[in-house]
Amino acid sequence: MNTEPSTLPGQPYIAYHQGELCVEDLRLTDLARTHGTPLFVYSKNAMLSALKAYQRGFAGRKVQICYAMKANSSLGVLQVFAAAGCGFDIVSGGELERVLRAGAQASKVIFSGVGKTRAEMQRALEVGIGCFNVESEAELEVLSSVAMAMGKTAAISIRVNPNVDPQTHPYISTGLKGNKFGVAHDRALATYQRAAALPGLNVSGIDCHIGSQITQMDPYLDAMDKILDLVESIETTGIQISHIDFGGGLGIDYNGDTPPAADALWAKLLAKLDARGFGNRQFMIEPGRSLVGNAGVCVSEVLYLKPGEQKNFCIIDAAMNDLPRPAMYQAFHAIVPLKSASSTEEINYDVVGPICESGDWIGRDRMLAVRAGEHVAVLSAGAYCMSMASNYNTRGRAAEILVENSTAHVIRERETINDQMRGEHLVA
Ligand code: LLP
């Protein structure tokens, strides 16, 4: 018998009610029956409450929260944040079209990324985005020429690499010297001077982002000190920095992780900003995972239980194409049954998908009491799951449901085989 947790750690809108796992007021078994599996289910109220933690932290300050939409770029999710007044941090022309479709104000969009193309720059200037976060000197030159050719001025901030260790997985740490991101701290001043001299550009801000799934405050405090030192030296050359963008990166609780709450983190950071005389500036932040990660689960059916000599396998119908994080980063996602009580015993399983790769695992060494035909929920699946999903093994991408109290909105239909083959041709 499983013990019955009432709510799951870090996930107040996802809880067992009368033995049934629910997102807000809806039972996941009912949603699985109606919509099939694998199925992503998100809580709208969980997203809004994660956003409120940031808003509380910034009360009385000038701040633009730009949701880093790469975490989950489904239109129905973007719409929630657009309606709540958020801006967006984008990294491609495709993401730009998505946020516009979802009702975002272009002026609240900032454009990050090391490899922006001329076409992407043109489109962003045409619709009037708020700012380009420029990541190299070469990009400055190209943006200047694109803006000049259009008779426009591009607002820019330069992404500075503060060389701070965010103490997270190497694949998702971005602020160290060896990373491809940003301009080296030592080159920053010279890059600002170049930007100020180029036509078609308007230096607006400074920007940094040190990594993702950060669970400690110190890396943020260290990065902030380095950025503020730089702002001081840039401004002594007569270049005004109107906004400071601290990026995203705040972690969530996947497996007993204890990241600071967004408001607690920002109380600390704002105290430092005040102490250094920067408290009245315009701030921007780019949170992704911390707004959506624990607002979503992936519901999956147990297809087969396969006892083995060394391992027992629980084969589910979600796979690494739906949930790529374990295969890519050895990431942990909790896996729980949808019914808290079971008539069968708990067994240690490796939970795996149907894809023909040994890397297709979702969880290792998990104690689960499940039978074939029952369902499990893979938790913390709101961020970097659907947005990283693929069609590997010609598997259609899952459907997505946004729950708002007792209403289920289908925000993405299950991908069909015709959707998958669209645009392909046999040779005549
Ligand atoms: N701003 C910039 C410039 C970024 O590169 C990122 C994430 C963010 C904001 C948002 O970071 P967040 O608040 O979500 O940590 N696929 C990986 C995470 C990659 C993060 C990439 N950049 C994962 O599944 O863990």
Side-chain angles (χ1 to χ4, degrees), residues 47 50-51 53-54 64-73 77 81 86-92 95 99 109-116 131-136 139 157-162 166-176 179-183 205-216 219-220 223 227 244-255 257 259-262 265-266 283-296 298 320 322-333 362 378-390:
M47 292 179 195
L51 177 63
Y54 280 100
Q64 176 68 61
I65 300 174
C66 292
Y67 167 52
M69 63 174 285
K70 62 172 80 68
N72 187 319
S73 51
V77 171
F81 291 108
C86 286
F88 294 89
D89 171 51
I90 65 164
V91 291
S92 73
E95 287 196 344
V99 287
V109 172
I110 55 179
F111 193 168
S112 303
V114 296
K116 302 176 194 79
C131 191
F132 289 84
N133 288 347
V134 174
E135 304 226 13
S136 65
E139 183 190 337
S157 93
I158 290 172
R159 176 166 176 186
V160 176
N161 187 339
Q167 297 158 25
T168 182
H169 191 284
Y171 280 15
I172 51 178
S173 93
T174 49
L176 281 165
N179 291 127
K180 68 177 175 181
F181 299 101
V183 170
I206 192 165
D207 157 47
C208 79
H209 170 80
I210 55 175
S212 199
Q213 185 53 17
I214 300 169
T215 54
Q216 330 253 319
Y220 277 106
I227 294 297
I244 309 179
D245 175 345
F246 289 106
L250 180 59
I252 61 170
D253 178 6
Y254 284 103
N255 184 22
D257 307 289
L265 172 68
W266 278 97
F283 303 118
M284 289 197 193
I285 53 165
E286 306 166 1
R289 187 191 319 265
S290 52
L291 292 180
V292 291
N294 271 339
C298 180
M320 66 189 282
D322 307 294
L323 297 160
R325 303 190 67 259
M328 282 184 79
Y329 320 111
Q330 296 81 48
F332 181 96
H333 285 264
I362 308 297
V378 180
L379 305 185
S380 311
Y384 302 112
C385 292
M386 183 49 114
S387 60
M388 291 171 63
S390 78

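Bear in mind that the values here come from a model prediction, so they are computed numbers and not experimental data. Counting convention: from 1, in listed order, for ligands and their atoms alike.
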With respect to atom 8 (C) of ligand 1, which of Glu135, His209, Met388, Arg289 exhibits the smallest heavy-atom separation?
His209
I need the contact type for Glu286 against ligand 1. Using non-hydrogen atoms and a strict under-4.0 Å cut-off, is it side chain, backbone, both or neither?
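Both backbone and side chain.
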Which of the atoms of ligand 1 are close to [X], meaning less than 4.0 Å from one of its heavy atoms?
X: Gly249; value: 11 (O), 12 (P), 13 (O), 15 (O)
X: Pro287; value: 13 (O)
X: Arg159; value: 3 (C)
X: Asp89; value: 1 (N), 2 (C), 9 (C)
X: Ala68; value: 8 (C), 9 (C), 10 (C)
X: Gly248; value: 9 (C), 13 (O)
X: Gly288; value: 12 (P), 13 (O), 14 (O)

Side chain to side chain donor-acceptor pair (under 3.5 Å), paired with Asn133, selected from Arg159, His209, Glu286
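Going through the options one by one, the only one that passes is Glu286.
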Would one find an N or O of Arg325, backbone or side chain, under 3.5 Å from an N or O of ligand 1?
yes
Do any nitrogen or oxygen atoms of Tyr329 come within less than 3.5 Å of a nitrogen or oxygen of ligand 1?
yes
So Gln213 and Asp257, do their side chains get closer than 4.5 Å, heavy atoms only?
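Yes - at least one pair of side-chain heavy atoms lies under 4.5 Å apart.
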Quick one: does Phe246's side chain get under 4.5 Å of Tyr220's, heavy atoms only?
no
I need the minimum non-hydrogen distance between [X] and [Y], along with the two atoms involved.
X: Ala381; Y: Leu323; value: CB-CD2, 4.1 Å
X: Ile214; Y: Pro219; value: CG2-CG, 4.4 Å
X: Ser157; Y: Ile206; value: CB-N, 3.7 Å
X: Glu95; Y: Ile90; value: OE1-CA, 3.3 Å

Any heavy atom of Lys70 sitting closer than 4.0 Å to ligand 1?
yes
Distance under 6.0 Å and angle within 45° of the ring axis: does Lys116 meet both against Phe132?
no
